[in-house]
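When a ligand or atom number is given, it counts from 1 through the structure's own listing order. All of these numbers come straight from a predicted model, not from anything done at the bench.
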Amino acid sequence: MTASLTHRACTLCEATCGIRVTTEGRRVLRIEGDPDDPFSRGHVCPKAHALGEIQSDPDRLRTPVRRTPAGFVPIGWDEALDLAAERLGAIRAAHGVDSIALYRGNPTVHDAQSLLYWNVLQKALPTRSQFSAGSLDTWPRWVQAGLMYGGFLHTPIPDLERCDYLLILGANPLVSNGSLMTAPGIKKRLQALRARGGKLVVVDPRRSETAEIADLHLAIRPGGDAAFVLALLHVVFAEDRIALGACAGRIAGLERVREIVSCYAPERVAAACGLDAGTIRRVAREFASAPRAAAYGRMGASVQRFGTLAHWAIDLLDITTGNLDREGGVLFPKPAVSLAFVGPKPGEPTPLGRAKSPVGGFDEILGEWPMAAFAEEIESTRADRIRALVMIAGNPALSAPNAARIERALERLEFMVAFDYYVNESTRYADLILPPTAVLENESYDVALLHFAVENVAKWSPAALAPEPGMRPIWRTLLGLSKRLMGLGALGDEQVDGLVVRQLAPALLEQSPFAGRLGLDAIVAALGDAPGPRRLVDLMLRLGQAGDGFGLVPGGLSLARLEASPHGLELGRLAPSLPESIRTPSGRIELAPERIVADLPRLDAWLAAGPEPALALIGRRDIRSMNSWLHNLPSMAKGRDRCTLEVSPADAARLGLREGEGARIESRIGTLVAPVAISDRMLPGVVSLPHGFGHDRPDTRLSVAARRPGVNANRVVDDALVDGPSGTSVLNGIPVRVSPA
Ligand SMILES: Nc1nc2c(c(=O)[nH]1)N[C@H]1C(S)=C(S)[C@@H](COP(=O)(O)OP(=O)(O)OC[C@H]3O[C@@H](n4cnc5c(=O)[nH]c(N)nc54)[C@H](O)[C@@H]3O)O[C@H]1N2
Ligand SMILES: Nc1nc2c(c(=O)[nH]1)N[C@H]1C(S)=C(S)[C@@H](COP(=O)(O)OP(=O)(O)OC[C@H]3O[C@@H](n4cnc5c(=O)[nH]c(N)nc54)[C@H](O)[C@@H]3O)O[C@H]1N2
Ligand code: SF4
Ligand SMILES: [Mo]
């Protein structure tokens with residue numbers, strides 16, 4: 001047998017590294033970084049090897065399974081789809097479509113076919129009861145950016161290659177490999193910034209791996225970011241250091257901001273933030289006087305008490321120091337494939353709060369309810385309660401707060417279907433599990449993540465292996481369920497996929513640079529007859545801003561062009577794009593959106609209350625983890641125990657905690673026992689426990705993960721804590737008591 005080589009991207013995290021995959025028959029011989037990928041330049045992390053292990057994991061499902069009293073048993077594809085459609089159809093007929101919930105988990109963001117064909121299922125099941133991992137993650141950023149700039153997924157990104165001063169708040173890209181900042185090989189990029197004389201400042205209650213390589217680490221108290229950045233703004237305004245740069249004449253609300261920040265003097269916020277006022281003043285002056293500076297916040301700034309306020313303040317800092325839309329500051333990317341069509345049209349308001357969740361009255365955000373509403377909508381006794389769940393690539397029993405309550409809710413469902421590789425902590429509640437093909441068997445294009453790339457790039461990922469015999473790609477599975485639910489079950493997949501193209505094309509064309517110059521029939525004819533994600537990606541590329549416009553721009557992008565460029569293509573550096581990037585109804589950047597400003601009294605109350613006596617629990621990620629789902633792969637699971645409670649030496653001494661011994665962690669909602677790791681990385685008063693563990697549940701099929709299950713941090717993360725403007729769950733800064741177990 002001869003070996004064959006495929007160039008593609010790794011789709012496990014947001015970095016989109018180019019890889020070279022060598023296979024022989026069905027065996028993966030080697031996975032290595034692709035030195036010729038112009039974006040990742042050979043970089044990979046240890047997780048790239050997990051791609052091969054996913055392929056051979058004996059626990060991974062290779063056929064649909066149905067739950068029976070005797071456990072999960074195999075069932076045929078068509079039988080499974082018929083059963084799912086019949087049960088969901090019956091519940092829809094009896095109780096209305098809102099009684100069926102949809103949950104979309106994180107890995108869909110990394111897989112074009114899941115994302116695009118989930119969209120088809122959403123059309124087949126137009127329920128209000130939509131959920132996703134977004135409300136455990138990115139929503140504060142979407143809400144803030146949506147309100148300030150208009151649109152959705154439309155956020156400025158640090159221009160790392162040209163930046164002189166990078167202020168990172170609550171992100172640890174050396175471990176996460178970057179988030180909402182697609183930048184493969186980020187460590188080298190940060191080192192290059194320092195080597196050219198730039199400065200790196202990291203704001204984090206833990207001296208993270210990224211803080212370790214910074215010029216300055218500010219050990220902030222969890223939740224302090226909004227107050228801290230408002231204090232930076234206070235100095236910028238008070239010392240008249242405002243420079244609007246490209247934003248001049250394109251903003252609304254500057255005077256309101258001036259008035260607001262006048263109340264946040266460094267001296268007022270210093271104690272609550274755990275920082276000294278002099279340092280805050282110094283950072284403000286350095287940031288404002290740096291030739292090109294960028295402030296960037298991620299999970300630690302998002303999923304905390306004041307996530308939306310924090311992101312708002314961060315962007316205000318970039319705007320008022322002239323760094324928005326400036327090279328070396330923060331710039332809006334121009335992705336080759338844009339998902340803008342899923343959001344509001346330019347000039348239309350960002351979809352927020354158009355409805356309220358029936359039980360808790362949470363605002364709708366971008367067409368979804370937050371996960372904070374998930375359990376209560378199932379527990380409810382109302383006639384319109386959620387009775388069924390369709391879930392793709394999610395594990396809320398490990399990823400959502402108050403895990404014990406989530407488990408009870410999942411148990412209560414009348415019917416659940418999951419699209420997943422594993423029988424895990426969440427899918428064990430499903431009546432049916434329909435597995436996707438493994439990553440290396442999928443062809444893909446990073447339709448979502450390249451919206452956040454620090455350079456404009458495009459890359460097609462061909463499958464490195466054919467699907468295993470008997471397996472179906474997830475797009476066919478989603479299409480198969482969708483057509484049955486739409487009453488189109490008698491049509492072939494090809495015919496239904498043709499309808500999908502006919503529906504998507506006009507929406508894309510409308511927002512395309514080629515609008516008005518191309519006819520729908522010509523587009524559809526040019527795309528050919530082969531159904532599936534390839535055709536949709538080709539459509540999106542060709543109608544995109546770098547597209548060939550189906551012949552209007554010779555040499556422009558198409559799938560064929562990308563297939564002829566196996567290492568990927570560079571489309572140029574980030575570049576200024578105002579005013580086109582402003583999509584608000586007013587046509588201006590809204591500096592003081594009412595929804596955000598109205599949350600300030602909550603911050604004031606927190607500042608007035610002063611530091612809490614309880615310890616604050618925060619999360620932690622590890623280079624070999626990906627949320628909850630790589631722990632069943634031997635090379636990702638090996639090594640020292642990672643599910644430990646990191647505690648500062650001072651707290652350990654005060655509380656009588658000893659290295660390696662158990663600590664009892666108690667919060668309002670639950671108790672856990674985890675081994676102690678004493679670490680001088682931790683700010684006293686703050687303890688850290690990773691999420692994604694707790695593989696000790698009965699009836700799962702995760703034999704490797706179960707050997708070292710760890711504990712589920714979300715058993716103590718309190719689901720009552722949410723960020724007001726976005727409804728996002730608070731996952732960092734949870735008040736806990738810790739004692740020796
Ligand atoms: N190896 C690996 N990579 C991953 C993942 C993974 O699980 N493992 N997950 C992926 C996903 S889904 C995401 S969303 C990204 C996340 O990407 P990042 O946000 O870069 O990663 P985190 O490790 O969550 O970093 C959050 C940091 O915020 C700090 N922090 C906690 N509370 C506060 C606070 O109140 N203020 C401030 N300033 N800091 C705080 C934490 O100590 C931590 O260092 O990573 C992605 N990449
Ligand atoms: N306490 C605490 N909780 C957190 C976080 C935290 O920092 N602290 N982080 C939050 C964040 S940022 C996120 S994004 C969420 C993630 O939360 P979720 O998205 O709910 O869960 P994951 O752990 O990513 O689990 C992904 C599931 O998808 C399956 N899967 C993997 N790849 C594929 C695929 O290609 N197709 C399909 N169909 N299935 C696949 C896996 O087997 C697994 O069951 O967790 C959140 N929860
Ligand atoms: S950093 Fe690691 S997990 Fe992320 S894309 Fe690159 S190789 Fe894959
Ligand atoms: Mo995430």
Asker: Strictly below 4.0 Å, N to O, side chains only: are Lys459 and Asp446 in salt-bridge contact?
Answerer: no
Asker: Strictly under 4.0 Å, does any heavy atom of Pro436 approach an atom of ligand 2?
Answerer: yes
Asker: Could you tell me whether the side chains of Ser114 and Trp118 share a donor-acceptor contact shorter than 3.5 Å?
Answerer: no
Asker: How does Asn714 reach ligand 2, if at all, at less than 4.0 Å between non-hydrogen atoms: by side chain, backbone, both, or neither?
Answerer: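 The side chain, only.
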Asker: Do Phe374 and Phe131 have ring centres separated by under 6.0 Å?
Answerer: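 For Phe374 and Phe131, the ring centres are under 6.0 Å apart.
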Asker: If you measure from each heavy atom of Ile474 to ligand 2, is any distance below 4.0 Å?
Answerer: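 Distance cut 4.0 Å: Ile474 fails for ligand 2.
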Asker: With a cutoff of 4.0 Å, is Asn424 in contact with ligand 2, counting heavy atoms of the residue only?
Answerer: yes
Asker: Are Trp142 and Phe452 an aromatic pair by the rule of ring centers under 6.0 Å?
Answerer: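 Ring centroids of Trp142 and Phe452 are less than 6.0 Å from each other.
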Asker: Ion pair present between Arg701 and Asp59, side-chain N to carboxylate O less than 4.0 angstrom?
Answerer: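 Not counted as a salt bridge, because no side-chain N and carboxylate O are separated by less than 4.0 Å.
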Asker: Salt bridge or not between Arg67 and Asp431? Use side-chain N to carboxylate O under 4.0 Å.
Answerer: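 Judged by the 4.0 Å cut-off on N to carboxylate O distance, Arg67 and Asp431 do form a salt bridge.
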Asker: State whether Cys45 contributes an N/O/S atom found under 2.8 Å from atom 4 (Fe) of ligand 3.
Answerer: no
Asker: Which of the listed options, Ser399, Ser114, Ser176, Pro107, holds the heavy atom that is closest to atom 47 (N) of ligand 2?
Answerer: Ser399
Asker: Looking only at heavy atoms, is any part of Met299 under 4.0 Å from ligand 2, and if so is it the side chain, the backbone, or both, or is it neither?
Answerer: side chain
Asker: Among Arg620, Arg621, Arg298, whose heavy atom sits nearest atom 7 (O) of ligand 2?
Answerer: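 The residue whose heavy atom sits nearest atom 7 (O) of ligand 2 is Arg621.
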Asker: Do the rings of His631 and His695 sit parallel, tilted or perpendicular, given the 30° and 60° boundaries?
Answerer: perpendicular
Asker: Out of curiosity, is Ile392 lining ligand 2, as in a heavy atom under 4.0 Å away?
Answerer: yes
Asker: Give the residue and atom name of whichever protein heavy atom lies nearest to atom 8 (Fe) of ligand 3, and the separation in Å to one decimal.
Answerer: Cys10 SG, 2.3 Å
Asker: In terms of side-chain heavy atoms, does Arg620 have a donor or acceptor partner in Thr644 at a distance below 3.5 Å?
Answerer: yes
Asker: Just going by heavy-atom distances, which of Leu12, Asp420, Ile54, Asn395 is nearest to atom 44 (O) of ligand 2?
Answerer: Asp420
Asker: At under 4.0 Å between heavy atoms, is it the side chain or the backbone of Thr16 that contacts ligand 3, or both, or neither?
Answerer: backbone
